[in-house]
Amino acid sequence: MKTLTVDEKIKADSLGRSMVKYGLAVGAVVLILSIVLGGTEHDHFQRFQYGALTAWMFVFTLCLGSLFIVMIHHLVRAKWDTVLLRVAENVASAFPLVAALGLIVFAPMFLGNHHLYFWDSWHQLPKDLQHDEAFKILQKKGTWLSSSAFILRYALYMAIYSGMSLYFSRQSRKEDETGDKKIAERLRVVAGPMVLLYALTTVMAGFDLTMSLSPEWYSSIYSVNLFGGAMCGTWAFLTLLTRAIQRTGKLTNVVTREHYHDTGKWVFSWNFFWAYTAFSPLLLIWYSNIPEEVVWYRYRWAGTDWQALTYVVIFAVWIFPYVALLSRWTKRILPLLMAVCFEQLLAHYIDLYWNVMPNVNWGHREDGLTTGPLTGPFTQHAWHFAASDLLSLIAFFALFLAAVGTRMKGNLVPIKNRTLNASMAFENY
Amino acid sequence: MDTETETTPNVEGELYGVLAEFDSPGSLVKAARQVRDAGYTEFDCYSPFPVHGIDEAMGIKRTILPVIVFTLGSLGTFGGAYLEWWMNAYNWPWNVSGKPLWSIPANVPIAYETTILASVLTTFFAMWMLNKLPQVWHPFFKLDRFTKATDDGFFLGIEAGDKKFDQRVTAELLEKAGATAVESCHYEPDPDRRKMPRWIWAFIIATTVMAMIPFALIAKARASKSGLPHYHIFPDMDFQPKAKSDSAFDEFQDGRANRGEIPGTVARGYLKEDDPAFWWGLGDNGDGTKSWITGLPDRVVPTPALLACGQERFHIYCGPCHGDDGQGDGTVPTHLQQIGKAWAVANLTDPSKVTLPNGQIFNTISNGRNTMRGYASQIPVEDRWAIVLYVRALQRTQHPGPGDKP
């Protein structure tokens, strides 16, 4: 059994500082550029907000997935991934900063810009139209889907996530110092209720953040699918991040091919979980063929610009990585695994884009009044390239890396954890 | 170390190999590596539980099980999909709620399940075959020491068939590798006793034959005729005391299943008898006979709204055959004519129809006539009267009376 030699290879040193420095510099510049380009769309920054929401959801889900990995690690007393635990904790505990980043997307709601969520906008329509049959569902959801209730829930979700992630992170670092064996046991006990709280919060957050973009449509499995995509993207991200840390000369004596083999397995299995939860609502909705249900898929499918993107989602998120990671040896050739993980991470963004962006063009009646997302003829929902989407992704990802960088200090592995030696000696038989 | 090398004194049979015992999984792995490095190939390890790293130590190649499972699992996917296509879209096309005969979403679940089924069965049986299971007997079973392999003993056995095998040299190698005991093992000298006991053969044959009996009986029953009554396995399920309407039933005192009317109640549906004109289009003649009413029931008040409702219902339910103007030229008979077939549909504005009483038109809508089926289950009574009203209006357009504007 291997034992850890505590040397500079497991110390973060300047790693976090350079992540903050470069991430902040790139993020700030590109974000400003993205806002400026968003202004050239002349749509009251609507396209910019949608692009920013997609990009923020991307980094938010990576944090979300890391938090789950940390909790499950303690809950099931995992041994193999102890060497990756601190990296996952560092990503998860960037949650308070990610929550603050989200305000770039959600704050304009309170500065008089009502172009992100249609439920925030339809109150401005003429009174007689508001009482139209078409808006009956919105009237029922009125209190829940209002900007004040939304921001309260946003604060609640983020407080829960931040609290949980900081708690796990701080306890784990305390164990580094004191070596107190009771800490691991206590974390295992609290992880159970926290996973339940996490599940409840995530289901509601998914409904609020992206499903309510088309507020008349609902699917109870929506957030489960979002979570599946988040976990798949997170394992891909953690694999790449750990490898990148190793490229700087850190962790080279700790993390081995065996651990990458297992993270590859996780990407593979969450990939199929995503496909399963994406297909199950599609099957039911396709089969029952009820107009108010199929509408969500109709605007992403036949006859629309978004159909090509739907094919891309099926192949990029599911089929390609699934086939690529099916075999044992592809997961053990690190350059190959990294390439697939990169593709999977990108595909996670495409999946979010596919969820968010078809809602961006709102339908209009003949008299010019707005009828909301997923209404009106397909021609009103044409896709067009917006550079601000891409720049938002770069900006938010850079700022996210900077946020993670603030946590990259001290030890990069939990040095006093009792399962660390077992994790270092881990082998796939 | 207290090592003992035994050579069984009364060696009679051919040498099978040597068996070495080790005191821990770790020393077993170490020994296996030494035996492998010494060039032996025909050897095996025996332990009460799977030992990590033993495959690598013994120099066993990675199993080809994943390849077999992938191949047959894929066959399960496409086989399942082919099964669905052949059954539902090709051999017996069956329209289920207007869905395409062949579509991907509806057929994914079955293909998914057949994939799992094929993969699971393949994994299970291929694992057995690759491990040469079931193996009911092994030469080492003769050695008392070997029973510990299911409890706390760790063994390594080298077969005499190995190219490098030499009883003395091999035993020395095992001792050096840390064996706590090394023992040689011989086949049973008596060739008869090496065979499986006859009673086991008899048991296998007998149970196999007995397992065939039900199938033989089924085959016989399918190929022959019998005048005997059914055999009832569960007679109390086949013959339950239950009351079926209009039949004898001994459980009640009067021996009848029917319970009759209870005073002061009205059976379900019997309130309709209070208004036969509305429900059936029938009027009382005063002498006990009934005939079709010519006017409208009291409850049906002709209004423009009712007429508009009748027009709408007519276009939905009657128009496809009778035509939207009732001339008997709807899309269904027209299409049949185009493809060389004929289906007579009544012209509702024909004088013979104009003279029909309202009640009879209502009855035709409710219960059908000739090839037309009844619409009572689809159209509510009020709407049927609205249609009667609209049919009358259509007839009026073809046979205007005095005072009707063209």
Side-chain angles (χ1 to χ4, degrees), chain A residues 1-2 79-80 219 256-258 261-262 264-265 268-269 271-291 293-294 296-298 300-302 307 310-311 314-315 318-319 322-333 422-429, chain B residues 24-26 28-30 32-33 45 47 49-78 80-81 84 88 94-113 115-116 119 122-123 127:
Chain A
M1 191 163 284
K2 290 203 269 184
K79 285 199 187 105
W80 72 272
S219 156
T256 66
R257 185 196 306 273
E258 303 297 332
H261 182 181
D262 265 23
K265 286 182 204 166
F268 176 74
S269 50
N271 171 298
F272 202 80
F273 180 89
W274 177 91
Y276 192 100
T277 53
F279 177 75
S280 38
L282 170 73
L283 174 67
L284 297 180
I285 288 175
W286 176 85
Y287 215 100
S288 61
N289 203 15
I290 300 170
E293 289 181 353
V294 294
W296 199 83
Y297 290 101
R298 278 295 278 149
R300 286 164 173 78
W301 193 243
Q307 187 173 2
T310 306
Y311 280 118
I314 295 170
F315 279 92
W318 175 46
I319 294 181
Y322 181 82
V323 173
L325 293 178
L326 192 56
S327 173
R328 172 189 163 98
W329 61 270
T330 50
K331 293 192 278 282
R332 294 181 70 87
I333 301 173
S423 176
M424 284 170 63
F426 170 70
E427 262 183 83
N428 282 288
Y429 290 112
Chain B
S24 72
L28 179 64
V29 170
K30 228 163 61 191
R33 194 168 287 130
C45 294
S47 77
F49 48 81
V51 177
H52 272 174
I54 197 86
D55 305 34
E56 184 268 327
M58 289 171 67
I60 298 177
K61 278 186 300 183
R62 282 208 73 79
T63 173
I64 58 158
L65 190 61
V67 178
I68 301 174
V69 172
F70 176 77
T71 311
L72 288 173
S74 307
L75 210 64
T77 315
F78 294 109
E84 290 177 280
N88 204 50
W94 192 256
N95 185 341
V96 181
S97 48
K99 293 295 174 219
L101 292 174
W102 170 252
S103 62
I104 291 177
N107 293 294
V108 161
I110 300 288
Y112 179 74
E113 297 299 336
T115 310
I116 294 172
S119 306
T122 308
T123 310
M127 189 273 288

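A, B, ... follow the sequence lines: proteins, then strands. Residue 1 opens every chain.
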| Any side-chain heavy atom of B/Trp102 within less than 4.5 Å of one from B/Asn88? | no
| Do B/Val96 and A/Tyr287 have side-chain heavy atoms sitting under 4.5 Å apart? | yes
| Interatomic distance, A/Ile285 atom CD1 to A/Arg298 atom CZ [nearest 0.5 angstrom] |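 Spacing of CD1 (A/Ile285) from CZ (A/Arg298) equals 13.5 Å.
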| message | Strictly less than 4.5 Å between heavy atoms, which residues of residues 52-71 of chain B line up against chain A? Please order them by number. | response |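 Residues of residues 52-71 of chain B touching chain A at under 4.5 Å: B/His52, B/Gly53, B/Arg62, B/Phe70.
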| request: Give the ring-plane orientation class for A/Trp301 versus A/Tyr311, where under 30° counts as parallel, over 60° as perpendicular and anything between as tilted. | output: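 A/Trp301 vs A/Tyr311 ring planes: tilted.
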| task | Hey, can you tell me if A/Phe268 and A/Tyr322 have their rings parallel, tilted or perpendicular (30° and 60° cut-offs)? | result | parallel
| request: Work out which heavy atom in A/Gln307 is nearest to a heavy atom in A/Ala302; give both atom names and the distance. | output: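 Scanning both residues, the minimum pair turns out to be OE1-CA, 3.7 Å.
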